[in-house]
Amino acid sequence: MQKTFFFFLFITAASVSFAQQAKPASEPKKDEKTTQVTNPNAATVDFQEESYNFGEVSEGPQVTHEFKFTNNGKEPLILANVKASCGCTTPSWPKDPILPGKDATILVTYNTQGRPGTFNKSITITSNASVSSKVIYIKGTVVKVDPAKYEPLEQPSMLAPKSTN
């Protein structure tokens, strides 16, 4: 029984020592720097502008801007997701692949209602492009509207009878 115990102990120790020494030849050492291999034919997202300033806008209406871009790669571009930094900003983007050499737009809408002051919002684009994540920006200042200037004048009601005093 003691011989069997020592035999299993020897086998276990030998297998543990060999398991620790075995490493795949392709695995880089921890102190080596690795470089990312990129696809030279990958799609690209080349924007005409990456930031847009609305300037001063009145509080209330929604403001929009189109960010135009081109796929200058050799493969179709697929926009997987376009996400704004907050709920007051809504992006819409093409769901179909953008072929090489073709243009497309991302429409960004900002809701100014109840948001007086300066704003600076980011929109993150995730795609199959050579740079898989890209950020574009909108900014501006929402000017609070004086409600006294824009209140409608009281109109007579057609349902209420005219008073004759």
Side-chain angles (χ1 to χ4, degrees), residues 26-165:
S26 63
E27 183 180 319
K29 294 180 183 178
K30 290 183 180 180
D31 59 348
E32 291 180 2
K33 292 185 179 180
T34 59
T35 57
Q36 182 180 0
V37 178
T38 59
N39 177 0
N41 296 324
T44 63
V45 182
D46 298 321
F47 282 94
Q48 291 179 359
E49 60 185 344
E50 294 181 12
S51 180
Y52 182 76
N53 188 346
F54 285 102
E56 288 189 354
V57 292
S58 297
E59 180 185 5
Q62 294 184 352
V63 292
T64 60
H65 180 70
E66 284 188 348
F67 285 94
K68 296 179 183 179
F69 64 93
T70 305
N71 175 8
N72 288 320
K74 294 181 181 176
E75 295 178 356
L77 171 67
I78 299 169
L79 301 180
N81 194 17
V82 179
K83 185 176 180 180
S85 59
C86 75
C88 58
T89 306
T90 308
S92 62
W93 66 96
K95 307 302 188 265
D96 295 329
I98 296 101
L99 298 177
K102 297 296 181 184
D103 297 330
T105 60
I106 295 175
L107 181 68
V108 178
T109 303
Y110 179 71
N111 184 1
T112 65
Q113 183 64 44
R115 295 180 175 84
T118 303
F119 66 92
N120 189 0
K121 305 297 177 185
S122 62
I123 300 91
T124 304
I125 300 136
T126 307
S127 70
N128 68 329
S130 57
V131 177
S132 62
S133 183
K134 182 89 170 170
V135 180
I136 57 178
Y137 302 92
I138 59 169
K139 60 183 177 178
T141 303
V142 177
V143 179
K144 189 171 180 90
V145 177
D146 183 10
K149 290 183 180 179
Y150 297 101
E151 285 185 24
L153 298 174
E154 188 175 333
Q155 299 292 325
S157 172
M158 294 174 59
L159 301 175
K162 291 183 179 182
S163 61
T164 53
N165 287 6

Practice task
Report the residues that fulfil side chain to side chain contact (heavy atoms under 4.5 Å, CB included) with Val135, sequence neighbours left out, ordered by chain and then residue number.
Solution key: Ser122, Thr124, Tyr137
Completion exercise
What one should report as the nearest heavy-atom pair of Pro76 and Ala43 is O-CB, 3.7 Å
Problem - Flag for Asn39-Glu75: side-chain donor and acceptor within less than 3.5 Å - result: yes
Problem - Side chain to side chain, Ser127 and Leu77, heavy atoms closer than 4.5 Å - result: yes
Exercise for the section: Would you mind listing every side-chain hydrogen bond (donor to acceptor under 3.5 Å, both in side chains) that reaches into residues 53-62, with sequence neighbours excluded? Expected result: none
Problem - For Glu66, all residues meeting salt bridge (Lys or Arg N to Asp or Glu O under 4.0 Å), sequence neighbours excluded - result: none
Problem - Residues which pass ring pair (Phe, Tyr, Trp, His ring centres under 6.0 Å) with Phe54, listed by chain and number, not counting sequence neighbours - result: Tyr52
Handout entry: Contact list for residues 116-135, test ring pair (Phe, Tyr, Trp, His ring centres under 6.0 Å), sequence neighbours left out
Key = Tyr110-Phe119
Exercise for the section: Determine which pairs satisfy salt bridge (Lys or Arg N to Asp or Glu O under 4.0 Å) with at least one residue from residues 123-143, sequence neighbours left out, and list them in order. Expected result: Glu50-Lys134
Practice task
Write down the atom of Ile78, the atom of Asn128, and the distance for their closest heavy-atom approach.
Solution key: N-OD1, 2.7 Å
Exercise for the section: Work out which heavy atom in Thr112 is nearest to a heavy atom in Gly60; give both atom names and the distance. Expected result: OG1-N, 2.8 Å
Problem - Backbone N/O of Cys88 and side chain of Asn111: donor-acceptor pair under 3.5 Å - result: no
Practice task
Could you pull out all residues at least two apart from Ala80 that satisfy side chain to side chain contact (heavy atoms under 4.5 Å, CB included)?
Solution key: none
Practice task
Apply side-chain hydrogen bond (donor to acceptor under 3.5 Å, both in side chains) to Thr44 and list each qualifying residue two or more places apart in sequence or on a separate chain.
Solution key: Asp46
Handout entry: Point-to-point distance, once rounded to the nearest 0.5 Å, from OG1 of Thr89 to CD1 of Ile123
Key = 6.0 Å
Exercise for the section: May I have all residue pairs that pass salt bridge (Lys or Arg N to Asp or Glu O under 4.0 Å) and include part of residues 113-129, sequence neighbours excluded? Expected result: none
Problem - Point-to-point distance, once rounded to the nearest 0.5 Å, from OG of Ser132 to CD1 of Ile125 - result: 11.5 Å
Completion exercise
Closest heavy-atom pair, Ile106 versus Pro91, reported as atoms and distance to 0.1 Å, is CG2-CB, 4.5 Å
Completion exercise
The complete set of side-chain hydrogen bond (donor to acceptor under 3.5 Å, both in side chains) pairs with one or both residues in residues 90-107, sequence neighbours excluded, reads Thr70-Asp103
Exercise for the section: Report the C-alpha distance between Val131 and Val45 in whole Å, list the side-chain angles of each, state the deciding distance to 0.1 Å, and finish with yes or no for side chain to side chain contact (heavy atoms under 4.5 Å, CB included). Expected result: CA-CA 8 Å; Val131 177; Val45 182; over 6 Å; no
Practice task
Determine, stepwise, if the pair Val82 / Val108 fulfils side chain to side chain contact (heavy atoms under 4.5 Å, CB included).
Solution key: CA-CA 10 Å; Val82 179; Val108 178; over 6 Å; no
Completion exercise
Rounded to the nearest 0.5 angstrom, the CG-NZ distance for Leu99 and Lys74 is 15.5 Å
Handout entry: Where Thr118 and Thr141 come nearest, the two heavy atoms and their spacing
Key = OG1-OG1, 3.8 Å
Handout entry: Nearest-0.5 Å distance, OG1 of residue Thr126 to CG of residue Asn81
Key = 5.5 Å
Exercise for the section: Quick one: list whatever passes side chain to side chain contact (heavy atoms under 4.5 Å, CB included) with Thr64, sequence neighbours left out. Expected result: Leu107, Thr109
